[in-house]
Amino acid sequence: MSLTQVRPSPPAPPRHSASAGKAKLWWHRFDTRTVPYFLIAPFFVLFGIFGLFPLIYNAVVSLRHWRLDDPDKTGWAGTENFARLFSDEDFWNALFNTFGIFILSTVPQLLLALIIANLLNHKLRANTFWRVAVLLPYVTPVAASTLLFAMFFQTDSGMANWFLSLVGFGEETPLNWRAEKWSSWIAIATMVNWKWIGYNALLYLSAMQAIPRDVYEAAAVDGAGPQRQLWQITVPMIQPVVIFTVVLSTIGGLQLFNEPMLFDENPALASGGSDHQWQTIAQLIYRVGWRDGNLGYAAAMSWALFLIILVVAGINALLTRRLGGGR
Amino acid sequence: MSVLTSRAPQDTRGSWKTYFSLGAVLLLSAFPLYWMFVIATSTDEALGKYPPVLIPGDQFMVNLREVFTLQNVYFAASLINSVIVAAVVTASTLFFCSLAGFAFAKLRFKGRNPLMFVVILTLTVPNQLGVVALYILMGKLQWNGTLLAVIAPGLVSAFGVFYMRQFIDHAVPGELVEASRIDGASTMRIYWSIVLPAIRPALAVLGLLTFVATWNEFQWPLITLGGTEYPTSMVALSDLASGNFVIFRRVLAGAFVATVPLLLLLLIGGRQIVRGIMEGAVK
C-alpha cells in the first residue's frame, strides 16, 4: 500500500551531482511518505498476530473438534460445540454465578468510587498522598490479594467471621463462606470491590475537576447543599465517564477469573467450589479447555461470552444514559 | 447540611469529616497489605488463634526460606521471570507505542485517520477471549511454556498508542517538526532528538502502568506457563496455594514478596500512576 507511493527512479543520469540530487530527492520522499508506515507497522503487525488473529481464529476452533487429550480427534464439528452449550448445566450455572458476582461487585464499586471521588474533590492537604493511597489495592497483584482474602474468609480462624462475631453473629456456628452461592459471591465481590474502587474514584475525580465552576455557582442560588450538589450537579455532569466505567467494569466483570480461581481451596482444580457455587464462565473455559482438554468446546464458550459481553455492555451503557437523562 | 455552597467542591477546603472519611478509606486500602505482612511473619500456632493475630511475628525469614526452597514451585526463578517479562514488555510498549503515536500525531500519510480509528476500535477488544486460539498459535510456534509466550502478546498496546498520540499532539509543536525537516533532519532523527526528550513524563506514566499490569497478569501466564519450570511469580503463587493442604503463612510470605516491588513503584512513581489513570479518563 505504502510502497506504491514511491515512484521508481528513472535511469541514472550521466552527471554525478545530478544523480546525488536524485538520490537525495528519493530519500526525502521515502522518508516523508513511507517511513510513517514503518513507524506504525510494529503495532499493527504485533497486535494483528497476537491480539486480533486469536480472536478470529477462535471462531474456527469453536467449529472443530480440538482435544488436548486426544490429538487424533480432529475435523469439523459443525455447530456441535455450540449446541452442547445450550444443554450444559455447568455453563448456565457459571453464567448465573458470573452475573450474580458481577452485580454484587459493580454496583457498590461504582457508588463508593463516586463518594470517594467526591471526598478527594476538595482542597486537601497532602493532595497527592490521598490519591496514591486509594491506589494501593490497584497495584497489589490480584493473586496476592485474593490469597489474602481467601484466608480472611476462612471458616474457623478467618477475620471476616471474627468481625461478624463482634456484632453478635455466628458465634456458635461460624459462617462457611464457601458453602453457599450467596456467601461465596459476597466474598468474591468484596475482593473485586476492594481492588477497583480507588481506580474508578480517580477516573471520576478527573472528570469532576473538569466541571466548569460556574455550574456550581448557578446552582448555589437555588440553595443546593453538598449532598444535592453531588447527586444533582456533579454526577450528571460526569455522566460520560460514568458510562465509560460501567462499560469497562462490564467487560472486566463478565470475564472474572482470578478471584474465583484463587478463592478455591485447591485452585488447580478450577472447580469454583465443591458444587461450582461460584464458578464463573472464564473459569469454566479454563477448566473445559485445560483440565478436560476440550479446546473446541472452550472456544465456543469464549465466543458465547464475547457475545454476552457485547450485549450487556450495550444495555448497560444505554441504561446509564437513560438513568442520567431522567434526572 | 443546609449550608449554602457558592463554590465548586474543588475550591472548598476539606472539613474534618472529609479527612476522617479519607482516613477510613486509607485504612481499608492499606489494612489488607498490613495483615498480609502479619501472616507472612507468623507461626502456624499464632495463625490458629482466635481472635486473629494483628501484630507481626518474627518468623518472616523462616517462612521466606520455606517459600524459596519449596520444590516444584520455583519461586526464586519466578521472580526473575516476572522481572524479565515486565521489563521487556514495558520497554517494547514504550518504544513501539511512542513511534506509532508520533506518526499518528505529527506525520502526514495516506490512511492516517482510518488507521487511527482502527487503533481506537481495538481498545475495546477483550483479547482475553482469544486465549484458546492464542494457546494453539503458541503451540504451533512451540512457545508454550516459555517466557516468549507471555511476552509476545504484551509487546504493544492500543492504549499505549492512543495515549502517546494524545501526549505528543500537545507536547511537540508542529512548527518545530517542520523546521527540523527543512534543516534536513530525517523522520527518525526528529523522533530521537525532538520527540523523545519532550515525552519523558508520558513515558514514565505509560511505563509504570504497563509494568504494573504485566507483573500482575495471571490468567494467560497460568495457561501457558502453569506446571512448567518457568512460572511468573503470579503463577508460582497459585502453585503455592494449590494442593490439599494450604499453609497460609507460606503462601502470604510469597504473596508479600511478590507485592513489594509494586509497592516500591507506587512509592516512587505514585504521582505518575495517578496522573496516568486520571488522564485515561479525559481522553
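Per chain, numbering begins at 1; letters A, B, ... match sequence-line order.
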**Q** At a heavy-atom separation under 4.5 Å, does L252(B) approach chain A through its side chain, its backbone, both, or neither?
**A** side chain
**Q** Would you check, one step at a time, whether the test side-chain contact (heavy atoms from CB on, under 4.5 Å) holds for F31(B) with M159(A)?
**A** CA-CA 12 Å; F31(B) 179 75; M159(A) 198 172 273; 3.7 Å; yes
**Q** So what's closer than 4.5 Å to chain B heavy atoms on Y286(A): side chain, backbone, both or neither?
**A** side chain
**Q** For F102(B), which atoms come within 4.5 Å of any heavy atom of chain A: side chain, backbone, both, or neither?
**A**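 F102(B) touches chain A through side-chain heavy atoms alone.
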**Q** Quick one: of I211(A), V134(A), V60(A), T32(A), who has the most non-hydrogen atom pairs under 4.5 Å with chain B?
**A**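 That would be T32(A).
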**Q** Do F96(B) and L39(A) have side-chain heavy atoms sitting under 4.5 Å apart?
**A**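 In short, these two side chains do not touch, never coming nearer than 4.5 Å.
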**Q** Tell me, for I115(A) versus chain B, whether the close heavy atoms (under 4.5 Å) come from the side chain, the backbone, both or neither.
**A**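 Neither part, no heavy atoms under 4.5 Å.
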**Q** Could you state the interatomic distance from CD1 (I39(B)) to CZ (F152(A)), rounded to the nearest 0.5 Å?
**A** 10.5 Å
**Q** Out of L135(A), I251(A), L269(A), which one racks up the most heavy-atom pairs below 4.5 Å with chain B?
**A**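 With the most close heavy-atom pairs to chain B, the winner is L135(A).
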**Q** Which answer fits L27(B), side chain, backbone, both or neither, if we ask what part of it has an atom under 4.5 Å from a heavy atom of chain A?
**A**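 It is neither, since no heavy atom gets under 4.5 Å.
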**Q** Report which part of V118(B) has an atom under 4.5 Å of a heavy atom belonging to chain A: side chain, backbone, both, or neither.
**A**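 Answer is side chain: those atoms of V118(B) sit under 4.5 Å from chain A.
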**Q** Please flag which part of F20(B) lies under 4.5 Å from any non-hydrogen atom of chain A: side chain, backbone, both or neither.
**A** neither
**Q** Contact part of M261(A) toward chain B, heavy-atom cut-off under 4.5 Å: side chain, backbone, both or neither?
**A** side chain
**Q** Closer than 4.0 angstrom, basic N to acidic O: yes or no for D11(B) and K123(A)?
**A** no
**Q** Could you go through the side-chain contact (heavy atoms from CB on, under 4.5 Å) check for L266(B) and Y138(A) one step at a time?
**A** CA-CA 10 Å; L266(B) 188 66; Y138(A) 170 76; over 6 Å; no
**Q** Can you say whether E265(A) sits under 4.5 Å from chain B via the side chain, the backbone, both, or neither, judging by heavy atoms?
**A**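 Contact with chain B: backbone only.
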**Q** Which answer fits T122(B), side chain, backbone, both or neither, if we ask what part of it has an atom under 4.5 Å from a heavy atom of chain A?
**A** both
**Q** For each of L129(B), L262(B), V212(B), L134(B), tally heavy-atom pairs with chain A at distances under 4.5 Å, and name the one with the top tally.
**A** L129(B)
**Q** Which atoms of T128(A) are under 4.5 Å from chain B, going by heavy atoms: the side chain, the backbone, both sets, or neither?
**A**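 Interface part for T128(A): side chain.
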**Q** Let me know if V161(B) has heavy atoms under 4.5 Å from chain A in its side chain, its backbone, both or neither.
**A**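 Side chain only.
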**Q** Side chain, backbone, both or neither: which part of L208(B) has an atom under 4.5 Å from a heavy atom of chain A?
**A** neither
**Q** Less than 4.5 Å to any heavy atom of chain B: does that hold for the side chain of L205(A), its backbone, both, or neither?
**A**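 Answer is both: backbone and side chain atoms of L205(A) are under 4.5 Å from chain B.
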**Q** Show the nearest heavy-atom pair for residues V132(B) and L295(A), with the distance to one decimal.
**A** CG1-O, 3.6 Å
**Q** Which bit of Y199(A) is near chain B, if near means a heavy-atom gap under 4.5 Å: side chain, backbone, both or neither?
**A**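 Both backbone and side chain of Y199(A) come within 4.5 Å of chain B.
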**Q** Between I49(A) and L137(B), which heavy-atom pair has the shortest distance, and what is it?
**A**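 Closest approach of I49(A) to L137(B), heavy atoms only: O-CD2, 3.6 Å.
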**Q** Top residue by heavy-atom pair count (under 4.5 Å) with chain A, among S98(B), A100(B), G270(B)?
**A** A100(B)
**Q** Nearest 0.5 Å, what's the NZ-NE2 distance between K17(B) and H122(A)?
**A** 10.5 Å
**Q** Quick check for you: to the nearest 0.5 Å, what is the distance between R64(A) atom CZ and I136(B) atom CD1?
**A** 10.0 Å
**Q** Tell me the closest heavy-atom pair linking S186(B) and D31(A), and the distance in Å.
**A**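 That closest heavy-atom pairing would be CA-OD2, 3.3 Å.
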**Q** Which bit of F257(A) comes within less than 4.5 Å of chain B, counting heavy atoms only: side chain, backbone, both or neither?
**A**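 Looking at F257(A), just its side chain touches chain B.
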**Q** Count the heavy-atom pairs under 4.5 Å between each of M188(B), R108(B), E217(B), R181(B) and chain A, then report the option with the highest count.
**A**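 Looking at each option in turn, the highest pair count goes to R181(B).
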**Q** Supply the atom-to-atom distance L120(A) CG to T18(B) OG1, rounded to the nearest 0.5 angstrom.
**A** 10.0 Å
**Q** Output the distance between atom CG (L124(A)) and atom CD (Q10(B)), rounded to the nearest 0.5 Å.
**A**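 Those atoms lie 11.5 Å apart.
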**Q** What part of V139(A) gets closer than 4.5 Å to chain B, counting heavy atoms only: side chain, backbone, both or neither?
**A**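 It is both, since atoms from each part get that close.
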**Q** Relative to chain A, which segment of R112(B) carries a heavy atom at a distance below 4.5 Å: side chain, backbone, both, or neither?
**A** neither
**Q** Counting only non-hydrogen atoms closer than 4.5 Å, does A158(B) touch chain A with its backbone (N, CA, C, O), its side chain (CB onward), both, or neither?
**A** both
**Q** Quick check: closest heavy atoms across M36(B) and L148(A), and the distance to 0.1 Å?
**A** CA-CD1, 3.6 Å
**Q** State, to 0.1 Å, how close K110(B) and Y37(A) come at their nearest heavy-atom pair, and which atoms those are.
**A**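 For K110(B) versus Y37(A), the nearest heavy atoms are O-OH, 2.6 Å.
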**Q** Does the W194(A) side chain pair with the main chain of L28(B), one donor and one acceptor, at a distance under 3.5 Å?
**A** yes
**Q** In terms of heavy-atom proximity below 4.5 Å to chain B, should W162(A) be classed as side chain, backbone, both, or neither?
**A** both
**Q** May I ask you to decide if W290(A)'s main-chain N or O and Y135(B)'s side chain share a donor-acceptor pair within less than 3.5 Å?
**A**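 Not at all, since once roles are kept as given, no pair shorter than 3.5 Å links the two residues.
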**Q** Between F44(A) and V156(B), is the side-chain contact (heavy atoms from CB on, under 4.5 Å) condition met? List the steps.
**A** CA-CA 9 Å; F44(A) 284 100; V156(B) 290; over 6 Å; no
**Q** Measuring only between side-chain heavy atoms, which start at C-beta, is L147(A) closer than 4.5 Å to F248(B)?
**A** no
**Q** With a 4.5 angstrom heavy-atom cut-off, which part of A241(B) approaches chain A: side chain, backbone, both or neither?
**A**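 Backbone plus side chain of A241(B), per the 4.5 Å heavy-atom cut-off to chain A.
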**Q** Rounded to the nearest 0.5 Å, what's the gap from CZ on R33(A) to CZ on F109(B)? Could you check?
**A**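 Answer rounded to 0.5 Å: 14.5 Å.
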**Q** Side chain from CB out, backbone as N, CA, C, O: work out which of these in D156(A) comes under 4.5 Å of a heavy atom of chain B, or both, or neither.
**A**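 Contact with chain B is through the backbone of D156(A) alone.
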**Q** Given a strict heavy-atom distance threshold of 4.5 Å, which part of W303(A) is in contact with chain B: side chain, backbone, both, or neither?
**A** neither
**Q** Tell me the closest heavy-atom pair linking M278(B) and L202(A), and the distance in Å.
**A**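 Result for this residue pair: CG-O, 3.6 Å.
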**Q** I need the residue from T93(B), L47(B), V246(B), L263(B) with the largest number of non-hydrogen atom pairs under 4.5 Å to chain A.
**A**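 That would be L47(B).
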